[in-house]
K.L.:
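Dropping the structure in here first, questions after.
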Amino acid sequence: MIANNGRLKIAIQKSGRLTEDSISLLRACGLEFEFQKQSLYSPCRNFDLDVLALRDDDIPEYVQDAVADLGIVGENIVREKRAQVEIVTKLGYGHCRLTISVPQRSTIRSVSQLNRKRIATTYPSTLKQFLRARRLKAEVIELSGSVELAPTLDVADAICDIVSTGTTSRVNGLRPLHVVLSSEAVLIANRQTLKKSAKKLLIERLAIRISGSLQARGKRYMMMNAPLTAVPRLKRIIPSLKSPTVVPLAEEGMVALHSVVAEDVFWDVMERLKKAGASDIIVVPIETIIT
Ligand code: ATP
Ligand code: ZN
């Protein structure tokens, strides 16, 4: 039984590829809750919110029907279910692609050659929409799983399935032909809840926290000391969000510089800064950036 009180309800995947990142994201927003996948319901101790653990396939519809006000789910599922929900923001994890692939030895080389062929998928609605838009008449074979086996079993000539970004389906003896949809985890909201004042305010507060922790992701805060004369040189090296903060130190002619630096370049930046006269360089993680 799901209580229908004034508290916000956010649905996340109970157990699967999105679960861990979704929990980490909510905790990075300062929300304190125990998450037990056996229990449907995890109340948050310090925010008017309950976390619901559901199968990902059910989340878009439950949010559409206001069983939950918010949900975190792959955009692929939102599209497939044709749910009438608002996509509030992309979340930067769970990247994958809905891809049409054919067996390595297939003579099919282009999407147009799929005409009159059989395509197996667990995404019939998205695939049919794609085929309609391309004016292709292919037979869509709806399976509930193990789609990659369909060509070997001669049930289909091609498959339309999810693959992680960056990986290839070559391991299954398949050759990717076309990406139908690029997807990542998204925050979705019930359209009516977004308009209601009491819960709308809670959603706005949560959305600010989420965007703050998304902004902070992959960034580090860097502090260093340097002679004032080196500042113009150092400024050119620091790829900062805005210009770096420069604070005078008690020692005459010395300053401290503070700046935000992307995680993937900070080692390189740090070495160059050192060479250019910076010392006592400290790099710390950032929890959130509220702009
Ligand atoms: P559930 O039990 O909740 O129905 P599931 O088995 O349908 O789970 P998962 O495999 O956990 O779902 O995938 C959840 C989501 O993760 C997908 O809908 C998709 O958005 C994303 N994802 C990222 N990479 C992949 C991948 N390689 N294969 C499948 N999904 C992926
Ligand atoms: Zn699922």
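Owing to the predicted nature of the structure, the values given are computational and were not obtained by experimental measurement. Start at 1 and go down the list; that is how both ligands and their atoms are numbered. Side chains included, hydrogens not; waters and symmetry mates left out as well; all remaining heavy atoms used.
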K.L.:
If the threshold is 4.0 Å, N to carboxylate O, is there a salt bridge linking R191 and E86?
P.N.:
yes
K.L.:
Among the protein atoms near the Zn ion (ligand 2), how many are N, O or S and lie under 2.8 Å away?
P.N.:
2
K.L.:
Consider side chain to side chain contact (heavy atoms under 4.5 Å, CB included). Of E32, R209, R7, which one does F47 pass it with?
P.N.:
R209
K.L.:
Any sub-3.5 Å donor-acceptor pair from Q13's side-chain atoms to D56's backbone N or O?
P.N.:
no
K.L.:
Which atoms from ligand 1 have a heavy atom of S164 less than 4.0 Å away?
P.N.:
24 (N), 25 (C), 26 (C), 27 (N)
K.L.:
Between K9 and D50, is the closest basic N to carboxylate O distance under 4.0 Å?
P.N.:
no
K.L.:
Give a yes or no on whether R135 atom CZ has more than 12 heavy-atom contacts from other residues, nucleotides or ligands under 6.0 Å away.
P.N.:
no
K.L.:
Report, in ascending order of atom number, the atoms of ligand 1 lying under 4.0 Å from any heavy atom of R55.
P.N.:
1 (P), 2 (O), 3 (O), 4 (O)
K.L.:
Going by the order shown, which atoms of ligand 1 are within less than 4.0 Å of some heavy atom of G74?
P.N.:
20 (O)
K.L.:
I'd like to know if the side chain of D280 reaches the main chain of N225, judged simply by a donor and an acceptor atom lying under 3.5 Å from each other, with no hydrogens or angles considered.
P.N.:
no
K.L.:
Distance under 4.0 Å to a non-hydrogen atom of C96: what atoms of ligand 1 satisfy this?
P.N.:
19 (C), 20 (O), 21 (C), 22 (N), 23 (C), 24 (N), 25 (C)
K.L.:
Give the single entry among H95, R17, R97 that approaches atom 26 (C) of ligand 1 most closely by any heavy atom.
P.N.:
R17
K.L.:
At a 4.0 Å threshold, what atoms of ligand 1 neighbour a non-hydrogen atom of G16?
P.N.:
11 (O)
K.L.:
Shared ILVMFWY cluster between V247 and M254, side chains joined below 4.5 angstrom?
P.N.:
no
K.L.:
Going by an N to O cut-off under 4.0 Å, is there a salt bridge joining K200 and D69?
P.N.:
no
K.L.:
If we only count N/O pairs under 3.5 Å, is Q13 in contact with ligand 1?
P.N.:
yes
K.L.:
Would L201 end up clustered with L206 when hydrophobic side chains under 4.5 Å apart are linked, directly or stepwise?
P.N.:
no
K.L.:
Considering the heavy atoms of L18, write down every atom of ligand 1 situated less than 4.0 Å from one of them.
P.N.:
15 (C), 16 (O)
K.L.:
Just wondering, more than 12 heavy atoms not from R79 lying within 6.0 Å of its CZ?
P.N.:
no
K.L.:
So, S42 side chain and E34 main chain: donor-acceptor pair closer than 3.5 Å or not?
P.N.:
yes
K.L.:
Please check: side-chain N/O of R220 versus main-chain N/O of D264, any donor-acceptor pairing under 3.5 Å?
P.N.:
no
K.L.:
Which ligand 1 atoms are under 4.0 Å away from a heavy-atom of D57?
P.N.:
4 (O), 7 (O)
K.L.:
Could you tell me whether ligand 1 has any atom less than 4.0 Å away from a heavy atom of K14?
P.N.:
no
K.L.:
At less than 4.0 angstrom from any non-hydrogen atom of I77, what atoms of ligand 1 do you find?
P.N.:
18 (O)
K.L.:
Which of these, N76, I59, V78, has its nearest heavy atom closest to atom 18 (O) of ligand 1?
P.N.:
N76
